[in-house]
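First comes the structure, then the notes that go with it.
Scope of the values below: all heavy atoms of this structure, side chains included, with no hydrogens, waters or symmetry mates.
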Amino acid sequence: MSNAVHVVLDGSAVAAAGHGKVLVSRLIHRAHAEPGWFLYSPTCALVGADRLRPGTAEHLAALPGITVLDLDLPAALAVSRESTWAAAHSRHAAQPTPERPDDALVATTVPRRWANQPVRVLDLNA
């Protein structure tokens, strides 16, 4: 088990970042400034947030410390089975990978959305 912290922003967290939510800002700062902190934004979450607040996707994608996750073939196949692409892409992105065997937390402002899902949740409402 690694000491690294991996966090995936779901669509609600991306939207909250666009509104300047302090806890999301702290995550962005940590991912930029502290070794061992990694922050990811799935492309579908960016699209969803940008539809609600135009300019959000471009702004977040330009921030240092945030890795934008493309909709590659495995992600597209996972997303194609779901009705909510942003949540499906975030769930897919949080799953373990060879580079990140311990999976990732899903940061969200809507933790109930993740009830009964196979992910660990970081509630941004605290």
A quick test of your reading: do over 12 heavy atoms of other residues, nucleotides or ligands sit less than 6.0 Å from CZ of Arg51? no
With a sphere of 6.0 Å drawn around CD of Glu58, does it hold more than 12 non-hydrogen atoms of other residues, nucleotides or ligands? no
Value for CG (Leu71) from SG (Cys44), rounded to nearest 0.5 Å, stands at 4.5 Å
Ignoring hydrogens and angles, tell me if any N or O in the side chain of Asp123 forms a donor-acceptor pair with the backbone of Asn125 under 3.5 Å. yes
Closest non-hydrogen atom pair between Pro118 and Gln95, with its separation: O-NE2, 3.5 Å
Within 45° of the six-membered ring axis of Tyr40 and under 6.0 Å from that ring's centre, is NZ or CZ of Arg100 located there? yes
Heavy-atom pair of closest approach, residues Leu46 and Val14: CD2-CG1, 3.9 Å
Using the rule that Ile, Leu, Val, Met, Phe, Trp and Tyr join whenever any side-chain heavy atoms are under 4.5 Å apart, tell me whether Val68 and Val47 fall into a single cluster. no
Rounding to 0.5 Å, atoms OG (Ser90) and CZ (Arg113) come to a distance of 8.0 Å
How about Asp10 and Thr108: does a side-chain donor come under 3.5 Å of a side-chain acceptor? yes
Report yes if the side chains of Thr97 and Glu99 come closer than 4.5 Å at any heavy-atom pair, otherwise no. yes
Considering non-hydrogen atoms only, spot the tightest contact between Pro96 and Pro101 and give its length. CB-O, 3.5 Å
Do you reckon Val110 sits in the same ILVMFWY cluster as Leu105, going by side-chain contacts under 4.5 Å, direct or chained? no
With rounding to the nearest 0.5 angstrom, report the CH2 to NE2 distance, Trp37 to His29. 11.0 Å
Here the gap from Arg53 atom CZ to His19 atom NE2, rounded to the nearest 0.5 Å, amounts to 5.0 Å
Examine Ile66 and Phe38 and state if one hydrophobic cluster contains both, with Ile, Leu, Val, Met, Phe, Trp and Tyr joined whenever side-chain heavy atoms are less than 4.5 Å apart. no
Check whether Asp103 reaches the backbone of Ala94 with its side chain - one donor and one acceptor, N or O, closer than 3.5 Å. no
Closest heavy-atom pair, Ala45 versus Gly11, reported as atoms and distance to 0.1 Å, is CB-N, 3.7 Å
Taking every non-hydrogen atom, the tightest pair across Pro42 and Ala93: CG-CB, 4.2 Å
Rounded to the nearest 0.5 Å, what separates atom CZ in Arg30 from atom OG in Ser25? 13.0 Å
CZ of Arg81 to NE2 of His92: how many Å apart, nearest 0.5 Å? 10.0 Å
Of all heavy-atom pairs between Trp114 and Ala87, which one has the smallest distance, and what is that distance? CH2-O, 3.3 Å
So, does Thr109 use its side chain to make a donor-acceptor pair with the main chain of Ala13 at under 3.5 Å? no
Answer with yes or no whether the hydrophobic clustering places Val121 together with Val8; edges join I, L, V, M, F, W, Y residues whose side-chain heavy atoms lie under 4.5 Å apart. no
With a 4.5 Å cut-off on side-chain heavy atoms, are Val106 and Arg120 touching? no
Under 4.5 Å between side-chain heavy atoms, hopping through other hydrophobics if needed: is there a path connecting Leu39 to Val24? yes
Exam field: side chain Thr43 to backbone Leu69, donor-acceptor pair closer than 3.5 Å: yes
